[in-house]
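All of these numbers come straight from a predicted model, not from anything done at the bench.
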Amino acid sequence: MPTDPPGPLPAAGEAAAGGAVDPHLLQKLADAHGVGTSFQGWVGLPHTVAESTLIKVLAALGVKADTNPAIEAALAEAELAPWRRMLPPAVVIQHGEPALVPVHVPDGAAVRLGIALEDGAGTVDAVQQDVWEQPVDVDGVSTGRATFALPQDLPLGWHTLTAESGGATATATLVVTPRQLTTATPLEQRRGWGLATQLYSVRSKRSWGIGDFADLADLAAISGERGADYVLVNPLHAAEPVPPVQASPYSPSTRRFFNPLYIRIEAIPELAYLKPRRRAAVEKLREEVAGLNKEAGRLDRDAVYAAKLQALEMLYHARRSPARQAAFDEFCRISGTGLDDFALWSAIREDVAPDDPLWTDPATSLGTPQAEALREKLADRIGFHRWLQWICDEQLEEAQKAALRSGMRLGVVHDLAVGVDHSSADAWTLRHVLAPGTSVGAPPDMYNQQGQDWGQPPWHPARLAEAGYIPFRNMLATVLRHAGGIRVDHILGLFRLWWIPVGNAPGDGAYVRYDHEALIGILALEAQRAGAVVIGEDLGTFEPWVRDYLAARGILGTSILWFEYDGDSPLAPEKYRTQALSSVNTHDLPPTAGYLAGDHVALRSGLGLLERSEAEERAEHHASLEKMLALVRERGYLPGGTGSLAETEEQTIEALHLLLTQTPSILLGVALVDAVGERRVQNQPGTTEALYPNWQVPLGGPDGKPVFLDDLPANARFNSLLAAVDGALRS
């Protein structure tokens with residue numbers, strides 16, 4: 001597997017308290033654990049990771065490295081670790097490819113390796129190979145390595161390896177993944193396009209102040225009738241169980257389950273059978289937040305969620321028909337202990353603050369007597385949170401059905417966040433596979449020149465493997481259950497992630513490598529089973545081979561018009577990647593109307609996020625814009641002229657999208673904000689809520705007034721852009 005290029009480490013004097021360490025030993029240890037000691041910055045210059053940062057990152061991996069003796073002991077353990085295990089923690093292979101599995105037993109001992117196929121489909125034996133390796137002394141035991149070849153015709157799926165030698169037995173997860181995901185193949189024959197939007201911002205006149213699952217179904221129906229093949233929405237992951245809730249959909253409480261904030265109350269069948277007094281109470285709750293639906297400046301999630309929760313409580317306690325109860329029971333069975341544990345966290349979190357010691361106390365961790373006592377005590381609340389997820393599942397299923405009925409080939413495409421909040425459900429229920437004392441983010445780049453800290457604990461690579469990758473699988477399976485696709489935010493994080501030790505600045509981190517063969521393979525397997533397309537958001541700093549690898553595995557990349565350059569000139573449309581979703585913008589930039597006006601420059605300057613003057617930044621933006629518009633004119637999508645904004649804003653936005661229709665990319669994206677003329681950015685990276693209302697901006701038009709879903713069919717600007725894109729792709 002390619003690695004970060006080696007580079008010199010700082011002088012030993014920069015080591016953390018505990019004494020100077022040998023920089024070369026430290027680098028060797030970092031390499032052994034997949035920690036990059038240097039990286040290439042956004043301007044192409046190499047940067048060396050500080051010695052103190054390496055020590056902290058290794059500590060987060062459970063490796064002590066603050067003294068030379070500790071480093072030497074850790075290096076010795078790294079060499080012995082594979083030999084201590086009878087089987088690897090997990091084995092992930094590609095279908096049809098030769099694969100070898102090492103089995104460690106006392107030297108000379110007979111050993112057998114069997115494979116139990118998924119769902120009791122039978123067992124097969126692996127064949128031992130005539131491969132000899134020098135035995136290794138492991139704690140006084142001469143240990144040999146037997147090598148087994150796995151059958152190349154194993155079916156796709158999750159199987160179990162079992163090694164037997166004497167009285168010893170060991171098991172490990174075996175995952176057979178597709179060599180290439182084939183779900184996007186039909187798009188090669190006829191390219192597709194779709195809408196991208198932040199669902200919370202898309203309100204109808206029936207919403208409770210926040211866009212919901214029923215609005216998603218309607219948006220899919222409206223756009224599907226106009227030729228769209230999908231609707232890509234922001235992550236719909238669950239947030240806190242009670243207000244106040246996190247505004248960012250990219251900092252959820254779990255990535256496996258969904259946010260009840262998006263439930264359409266009136267679509268729950270039990271509403272029809274509530275007693276008149278209770279139905280009146282539900283209607284009164286809706287009336288109390290009805291005014292929020294017309295709010296143009298900022299969404300109020302907390303008020304809406306508080307009202308919805310009261311209504312949901314009444315509906316939960318309404319008697320369900322036998323068929324409905326059976327469906328609920330089946331959902332709980334399929335969701336298993338993951339749902340039970342999330343519901344337990346939700347029930348506890350209703351009354352326990354996120355910074356309460358309970359969440360970090362080993363005595364109250366999941367599975368302890370104290371936690372199990374809470375499970376019994378809070379049984380009804382746990383039932384309520386299970387029920388909420390069932391309702392989410394039902395309404396997402398209906399949204400996907402509506403999308404496909406409208407003629408869409410993919411339907412709903414979900415967005416998968418990079419991680420979860422430090423005080424989240426996953427941080428508590430999955431702590432055994434997360435790395436403590438660190439968070440993920442990104443090193444400095446052109447748009448975030450101080451780097452980014454997303455405040456999320458990363459997967460611990462070794463512990464995730466030891467868990468058989470089951471937490472990763474379960475997350476994907478739930479998200480893909482009612483979806484035609486998944487966009488993986490920062491898919492580069494399945495190759496390496498920027499780890500920032502607690503207390504460090506965002507730019508003072510290090511890359512930690514992951515087993516991308518395993519993670520990408522499992523992603524492809526679960527998507528293949530769901531019949532879903534995978535789109536990887538592969539923007540930012542990455543090694544050149546990564547995009548080629550993703551394409552070879554059948555995973556689409558992401559191309560953003562403003563970021564695609566060939567030297568100093570915008571990339572010609574015919575040179576874009578075929579296996580990609582191409583769009584004009586992304587949710588971390590202003591809508592195109594705002595971008596054309598340079599709104600992002602003024603915003604970042606006002607927030608103190610620039611490393612140079614606003615005048616310099618604006619001059620560069622203007623020059624870049626001129627180059628892009630020159631290309632658009634050259635291709636005949638705008639009339640000639642020297643003024644970059646001589647055409648109307650609407651004409652320019654349409655022309656930029658038409659330029660993208662000339663690319664070979666098999667998927668094109670149209671941001672809903674561009675289709676209605678919105679200018680405000682949904683998210684400004686590097687800021688807090690106190691500085692900018694990230695993820696709280698409702699959908700609006702050029703005049704700043706709200707744009708409702710109900711009005712889209714008659715919206716001339718919306719219809720014109722969608723018709724132009726659809727017509728260009730079908731011509």
Side-chain angles (χ1 to χ4, degrees), residues 184-196 223 226-230 232 408-410 413 485 487 533 535-539 547-548 550-551 556-586 589 591-593 595-596 623-641 644-675 677 717-731:
T185 302
L187 296 169
E188 296 174 5
Q189 306 304 315
R190 177 168 69 86
R191 293 185 297 156
W193 66 274
L195 284 180
S223 54
R226 287 157 177 76
D229 280 311
Y230 69 87
L232 168 62
M408 288 186 166
R409 286 183 286 169
L410 301 183
V413 177
R487 172 192 177 272
V533 169
I535 303 155
E537 191 263 317
D538 54 358
L539 307 174
R547 282 184 166 176
D548 293 337
L550 289 171
L556 305 184
T558 299
S559 293
I560 304 299
L561 180 76
W562 305 119
F563 300 161
E564 293 293 330
Y565 266 74
D566 185 1
D568 291 331
S569 301
L571 187 67
E574 58 271 12
K575 293 185 178 181
Y576 275 59
R577 290 178 288 169
T578 298
Q579 302 298 318
L581 164 63
S582 292
S583 61
V584 175
N585 69 5
T586 174
L589 291 175
T592 304
Y595 192 85
L596 292 171
S624 171
L625 198 57
E626 281 289 349
K627 291 179 181 178
M628 184 63 71
L629 293 177
L631 175 61
V632 174
R633 293 191 187 95
E634 176 188 312
R635 296 305 173 104
Y637 294 117
L638 282 175
S644 62
L645 295 178
E647 302 78 16
T648 69
E649 173 193 282
E650 187 175 347
Q651 284 178 315
T652 303
I653 292 172
E654 202 163 290
L656 291 167
H657 283 82
L658 287 173
L659 180 70
L660 281 185
T661 66
Q662 301 308 301
T663 71
S665 299
I666 60 177
L667 278 181
L668 297 182
V670 177
L672 181 57
V673 288
D674 286 348
R717 185 165 181 161
F718 173 84
N719 287 314
S720 177
L721 179 56
L722 270 56
V725 171
D726 189 62
L729 284 183
R730 294 178 186 272
S731 62

Inset, instruction - State whether a side-chain donor-acceptor pair under 3.5 Å links W193 with D726. - result: yes
Legend entry - Residue list, side-chain hydrogen bond (donor to acceptor under 3.5 Å, both in side chains) with S582, at least two apart or on another chain: S665
So how far is it from [X] [atom1] to [Y] [atom2], rounded to the nearest 0.5 Å?
{"X": "L629", "Y": "L638", "atom1": "CG", "atom2": "CG", "answer": "7.0 Å"}
{"X": "T661", "Y": "R191", "atom1": "OG1", "atom2": "CZ", "answer": "6.5 Å"}
{"X": "Q579", "Y": "E188", "atom1": "CD", "atom2": "CD", "answer": "5.0 Å"}
{"X": "D674", "Y": "Y595", "atom1": "CG", "atom2": "OH", "answer": "12.5 Å"}

Please report the closest heavy-atom contact between [X] and [Y], naming both atoms and the distance.
{"X": "L631", "Y": "P570", "value": "CD2-CB, 4.0 Å"}
{"X": "S559", "Y": "R577", "value": "OG-NH2, 3.4 Å"}
{"X": "E654", "Y": "S720", "value": "OE1-OG, 2.8 Å"}
{"X": "N585", "Y": "I560", "value": "O-CD1, 3.5 Å"}
{"X": "A655", "Y": "V632", "value": "CB-CG1, 3.6 Å"}
{"X": "M408", "Y": "S223", "value": "CE-OG, 3.3 Å"}

Under a 4.5 Å cut-off applied to non-hydrogen side-chain atoms, are [X] and [Y] in contact?
{"X": "F718", "Y": "L195", "result": "yes"}
{"X": "L656", "Y": "M628", "result": "yes"}
{"X": "V533", "Y": "V413", "result": "no"}
{"X": "Q651", "Y": "P639", "result": "no"}
{"X": "L232", "Y": "I535", "result": "no"}
{"X": "D568", "Y": "K627", "result": "yes"}
{"X": "T586", "Y": "W562", "result": "no"}

Inset, instruction - Could I get the full list of side chain to side chain contact (heavy atoms under 4.5 Å, CB included) partners for P186, not counting sequence neighbours? - result: none
Inset, instruction - List in chain and number order the residues that pass side chain to side chain contact (heavy atoms under 4.5 Å, CB included) with A723, two or more places apart in sequence or in another chain; answer none if no residue qualifies. - result: none
Legend entry - Crowding at CG, D548 (>12 non-hydrogen neighbours, <6.0 Å): yes
Inset, instruction - Carefully, step by step, assess L410 and L667 under the rule side-chain contact (heavy atoms from CB on, under 4.5 Å). - result: CA-CA 11 Å; L410 301 183; L667 278 181; 4.2 Å; yes
Any side-chain to backbone donor/acceptor pair from [X] onto [Y]? Under 3.5 Å, distance only.
{"X": "R409", "Y": "Y230", "answer": "no"}
{"X": "D538", "Y": "T558", "answer": "yes"}
{"X": "S731", "Y": "A728", "answer": "yes"}
{"X": "T663", "Y": "L660", "answer": "yes"}

Inset, instruction - Using the side-chain contact (heavy atoms from CB on, under 4.5 Å) rule, take L596 and I653 through it: C-alpha gap first, then chi angles, then the decisive distance, then the call. - result: CA-CA 9 Å; L596 292 171; I653 292 172; 4.1 Å; yes
